[in-house]
Each structure stands twice: as C-alpha cells, then as structure tokens.
Amino acid sequence: MKRFIKSIMSLFPVPFLFHFYEFNCHLARQQADFLFPVFLVFIIVVGISSRNIKFPLFFGLNFSMTVISLIFGYFFIVDDGSWFKPFGRDAAIIFVSIIYILGQLVIRLFSKLVILTAQVINKNEKKRGNSSL
C-alpha cells in the first residue's frame, strides 16, 4: 500500500500545475506568490517519500508524470506565444519537469545520506557502549 501511495505522489503532474497556476495568475494580472514555495514543498515531500523507490521505477514514474503534464497542458493551458517565449508551452513544461526531477534526485540523495549517517553514528555509539562494559 505504501508503494502505491508513493507511486501516486510521484505521478502528480506538478509541472502542469506550476504553469497552470503561473499562467492563470498572469491572465488575472496577479503575482504568483505561492508558486516557488509550493514547488519546493512538492520537491521535498515527493523526494523524501520516493527515496526507497529503485531508479528504474523512479525514472519511469517521472517520465509518466511528464507525459501526463504535457497532456494536461495541451488541454488546459492555451499556447500563448507571447507568454511562453521563445520555446513554447510544451518546452516550458518539460523544462520545469527536468528541474523537478533533479530536485527530487538531490533530496533523495540528501535524505539517504542523512539516514546512513544516523545509522553509522548509532552503530558507533552501540559499539562504545558495549566496549566500556
């Protein structure tokens, strides 16, 4: 069940939501105040929750997430040439997807290092405790 929930979290179309929120704020002539903080929260939460997923599954899920984001972008975001200059809507979604995946990889690495370091420290403390007796 945990693996299913982690897979669903990894398939959440964050790059689409990023551009959907940004473009709609642009149309309403408002600032997209929550864009970057929410994007970082998604990177951190999904990165930590997917740290135990193997790399082939991780990349497969993220590739599927990118395809889902592109499909949603095609149907729900107008390809406004003046807003998505110079590459277009699809390239912008792919670019954000790459940043999102790289962010997840960094968080995965960092969380694995923190857990590994904690395990090593815990093991060393147990050895010291046993040798002093």
Side-chain angles (χ1 to χ4, degrees):
M1 186 66 175
K2 285 184 181 180
R3 185 178 229 169
F4 178 73
I5 293 171
K6 290 176 186 179
S7 299
I8 294 299
M9 287 178 64
S10 294
L11 287 173
F12 204 68
V14 174
F16 160 73
L17 294 172
F18 181 93
H19 285 291
F20 186 73
Y21 176 66
E22 179 187 34
F23 188 65
N24 284 329
C25 285
H26 166 70
L27 292 177
R29 300 194 187 286
Q30 297 175 346
Q31 291 291 324
D33 294 330
F34 299 112
L35 186 64
F36 188 66
V38 172
F39 186 64
L40 285 180
V41 167
F42 268 110
I43 288 174
I44 292 168
V45 168
V46 174
I48 289 173
S49 69
S50 69
R51 74 175 172 256
N52 294 328
I53 295 176
K54 296 183 180 180
F55 270 122
L57 180 60
F58 175 78
F59 284 116
L61 288 171
N62 279 298
F63 178 77
S64 300
M65 178 266 314
T66 302
V67 170
I68 291 169
S69 293
L70 287 170
I71 291 169
F72 282 170
Y74 178 79
F75 287 112
F76 296 112
I77 301 174
V78 178
D79 194 4
D80 186 0
S82 64
W83 180 252
F84 294 110
K85 275 186 180 177
F87 299 109
R89 176 196 60 218
D90 296 338
I93 290 174
I94 291 171
F95 176 74
V96 170
S97 181
I98 291 169
I99 298 299
Y100 182 64
I101 293 168
L102 290 175
Q104 286 181 32
L105 286 172
V106 168
I107 295 298
R108 278 173 55 108
L109 176 66
F110 184 71
S111 66
K112 283 184 179 184
L113 288 175
V114 167
I115 289 173
L116 184 64
T117 304
Q119 289 173 346
V120 168
I121 290 172
N122 192 18
K123 186 184 267 187
N124 288 340
E125 286 178 359
K126 285 183 180 180
K127 283 183 182 179
R128 281 190 217 151
N130 291 338
S131 64
S132 64
L133 292 175

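- The side-chain contact (heavy atoms from CB on, under 4.5 Å) check on S64 picks up L11, with sequence neighbours excluded.
- With values rounded to the nearest 0.5 angstrom, S7 atom OG is found 5.5 Å from L57 atom CG.
- Within the 3.5 Å criterion, the main-chain N or O of A118 finds no donor-acceptor partner in the side chain of N122.
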Report the C-alpha distance between D80 and F23 in whole Å, list the side-chain angles of each, state the deciding distance to 0.1 Å, and finish with yes or no for side-chain contact (heavy atoms from CB on, under 4.5 Å).
CA-CA 9 Å; D80 186 0; F23 188 65; 3.7 Å; yes
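- Rounding to the nearest 0.5 Å gives a distance of 8.5 Å between CG of L27 and CZ of R29.
- How far OG of S49 is from CD1 of I44: 12.0 Å, rounded to the nearest 0.5 Å.
- Applying the ring pair (Phe, Tyr, Trp, His ring centres under 6.0 Å) criterion to F55, with sequence neighbours excluded, gives F59.
- Two residues are said to be in side-chain contact when any heavy atoms from C-beta on lie closer than 4.5 Å; Q119 and I115 meet this criterion.
- For the pair F39 and I43, the minimum side-chain heavy-atom distance is below 4.5 Å.
- Of the possible donor and acceptor atoms, one in the side chain of R51 sits under 3.5 Å from a partner among the backbone N and O of I48.
- Proximity of I77 to F84: side-chain heavy atoms (C-beta onward) are separated by under 4.5 Å at one or more points.
- Atoms NZ and NZ, on K126 and K123 in that order, are 9.5 Å from each other to the nearest 0.5 Å.
- Under the 4.5 Å side-chain criterion, counting only non-hydrogen atoms from C-beta, V46 is in contact with S10.
- For T117, there are no side chain to side chain donor-acceptor pair (under 3.5 Å) partners two or more places apart in sequence or in a different chain.
- To the nearest 0.5 Å, the span separating CZ on F63 from CZ on F58 amounts to 14.5 Å.
- Between L70 and Y74, the closest side-chain pair of non-hydrogen atoms is not below 4.5 Å.
- Side-chain heavy atoms closer than 4.5 Å link hydrophobic residues (I, L, V, M, F, W, Y) into clusters, and following such links, even through other members, never connects L40 to V114.
- Note that SG of C25 is 9.5 Å distant from CZ of F34, once rounded to the nearest 0.5 Å.
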Ignoring hydrogens and angles, write down the donor-acceptor pairs under 3.5 Å from the side chains of residues 101-110, residues two or more places apart or on other chains.
| from | atom 1 | to | atom 2 | distance (Å) |
| --- | --- | --- | --- | --- |
| Q104 | NE2 | Y100 | OH | 3.4 |
| R108 | NH1 | S50 | O | 2.4 |
| R108 | NH1 | I53 | O | 3.0 |
| R108 | NH2 | I53 | O | 3.0 |

Is there a ring pair (Phe, Tyr, Trp, His ring centres under 6.0 Å) between F20 and F72? Walk through the geometry before answering.
CA-CA 9 Å; F20 186 73; F72 282 170; 9.7 Å; no
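- In the hydrophobic cluster analysis, where Ile, Leu, Val, Met, Phe, Trp and Tyr join through side-chain heavy atoms closer than 4.5 angstrom, I5 is grouped together with V45.
- In this structure, the side chain to side chain donor-acceptor pair (under 3.5 Å) partners of T66, at least two apart in sequence or on a different chain, are S97.
- Residues F75 and V78 share a hydrophobic cluster, clusters being chains of Ile/Leu/Val/Met/Phe/Trp/Tyr side chains in contact below 4.5 Å.
- For the side-chain hydrogen bond (donor to acceptor under 3.5 Å, both in side chains) condition, the pairs that include at least one residue of residues 12-26, sequence neighbours left out, are H19-E22.
- Taking all atoms of both residues into account, the shortest heavy-atom contact from I93 to P15 is O-CB, 3.7 Å.
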